[in-house]
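Below is one structure, written out as structure tokens, with a few remarks after it.
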Number of protein chains: 2
Amino acid sequence: MKPNDFNLSGFLPYKLAVLASRISKVLSTIYEERFGLSMPEWRVLVHVARCEKVSVRDIHNCVNLEKPRVSRAVAKMVEAGLLAKTASTRDQRLVEIELTEAGQRVLNDIIPEAMSFQARLMGAFSEDEASHFDDLIEQLHDELDKHANAPRRSSMDTNISD
Amino acid sequence: MKPNDFNLSGFLPYKLAVLASRISKVLSTIYEERFGLSMPEWRVLVHVARCEKVSVRDIHNCVNLEKPRVSRAVAKMVEAGLLAKTASTRDQRLVEIELTEAGQRVLNDIIPEAMSFQARLMGAFSEDEASHFDDLIEQLHDELDKHANAPRRSSMDTNISD
DNA sequence: TCAATATCATTTCGATTGCAACGATAATTT
DNA sequence: AAATTATCGTTGCAATCGAAATGATATTGA
């Protein structure tokens, strides 16, 4: 094939980027329009809800956000009254972030909608298709792990610290 | 399930965002480190190579980039000598963008690497798996099309105008 | 024909982003 | 213990981005 015939629309990295971007845009209307949250804030909210007393570093490691983004998201949510932040007693460098009652209420409102959106998305998927899709995604991650310059796959959700 | 147990790592929009971002980051080293191109510039290059004499609007419609991004990418590539830009004779508003020889040389260098990267990525996929993966992606797009607020799927590559 | 509307590419402007640097605290080494 | 090194969260800064405004040209409609 001649280089000039190369077509982006059949190129896997492009296809995934477009699909992911489209999905994210629709999802964002759920937390943005209704609750004034940005994407980083949405991710922080969800993670803090599941793992109490997390540090900025924890969040950074678990939800694929750069440290500055986490720090800024947390600051804004503390300001908005959704999160509470206190210095850890054991390690003064660390910070302990937790949900406030207001934050809990927002979470309670958002999660059902997020899940319903996901259900709608995968509406046409059979059980087998859904799990097969996950398998293929895993295969791609495994391949990426081999790349030296690939930002090492984050140790998702194992919540190593504390 | 309690809202607090909601786990991002099993949430489709999140999984796709992380995967796409990871792939894009590795891909970007190919055109960034070696040729000094940004992602928008990479997309513009490829599209202009395939469809000669395109307008900014064409590119915008075909490669999922906002108009300002296309405009800026083109400007920088003209500056770098990779593209030539002339006003259309038929419609003075339009612009006709084409590859220069230098641009063609860069393309010739990049495309094989991009394709080899894709091949490496899908290395573990069988024929069936690859096509099934595409099917599932299509199903998700179809579902997104139903969403009113979904940025209408771009009329990819049909190159309607001129 | 000529006013009103639409389309195109660019630019402006405020907001967001990531990298690197920073101050503060802990851990390690000598 | 003192000094060096590492880690944590935050901030400065330059670059990038998108929504809306702008100026220029085409198209439509009265």
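In what follows, chains are A, B, ... by sequence order, proteins preceding strands, each numbered from 1. Not measured: the values here are computed from a predicted model.
Sequence order on DNA chain D of the closest nucleotides to A:Arg93 and A:Lys85 puts A:Arg93 first from the 5' end. Both B:Asp91 and B:Pro68 lie close to DNA chain C; mapped to their nearest nucleotides by heavy-atom distance, the more 5′-ward contact belongs to B:Asp91.
Taking CZ of B:Arg50 as the reference point, atom CG of A:Asn7 lies at 3.5 Å (rounded to 0.5 Å).
Put simply, NE2 on B:His60 is 12 Å from C1' on C:dA9, counting in whole angstrom units. One interatomic measurement links the two molecules: NZ of A:Lys67 to C1' of C:dC19, which rounds to 11 Å at whole-angstrom precision. Summarising the geometry, the separation between CG on A:Asn64 and C1' on C:dG18 is reported as 14 Å, rounded to the nearest angstrom. Distance, B:Arg69 CZ to C:dA15 P: 20 Å, rounded to whole Å. Distance CG (B:Leu94) to C1' (C:dT10): 14 Å, rounded to an integer number of Å. One can place CZ of A:Arg57 at 14 Å from C1' of C:dA26, the figure rounded to the nearest angstrom. Per the geometry, CD belonging to B:Gln92 stands 23 Å off P belonging to C:dA6, to the nearest Å.
Residue A:Glu66 places its side chain closer to C:dC19 than to any other of C:dA26, C:dC19, C:dA9.
Where DNA chain D meets chain B (any atom under 4.0 Å from a heavy atom), the bounding nucleotides read 5' to 3' are D:dC17 to D:dA26.
With hydrogens and angles left out, the side-chain atoms of B:Asn108 and B:Gln104 include a donor and acceptor closer than 3.5 Å. Looking at B:Ser131 and B:Asp134, their side chains never bring a donor and an acceptor atom within 3.5 Å of each other.
For the pair B:Glu41 and B:Lys76, the salt-bridge criterion is met [side-chain N within less than 4.0 Å of a carboxylate O].
The aromatic rings of B:Phe133 and B:Phe125 lie perpendicular to each other, with more than 60° between the two planes, well past the 30° mark.
At least one side-chain heavy atom of B:Asn64 sits under 4.5 Å from a side-chain heavy atom of A:Tyr14.
Note on B:Arg72: a base of the nucleic acid sits closer than 4.0 angstrom, heavy atoms only.
Counting heavy atoms of neighbouring residues, nucleotides and ligands inside a 6.0 Å radius, atom CZ of B:Arg120 exceeds 12 of them.
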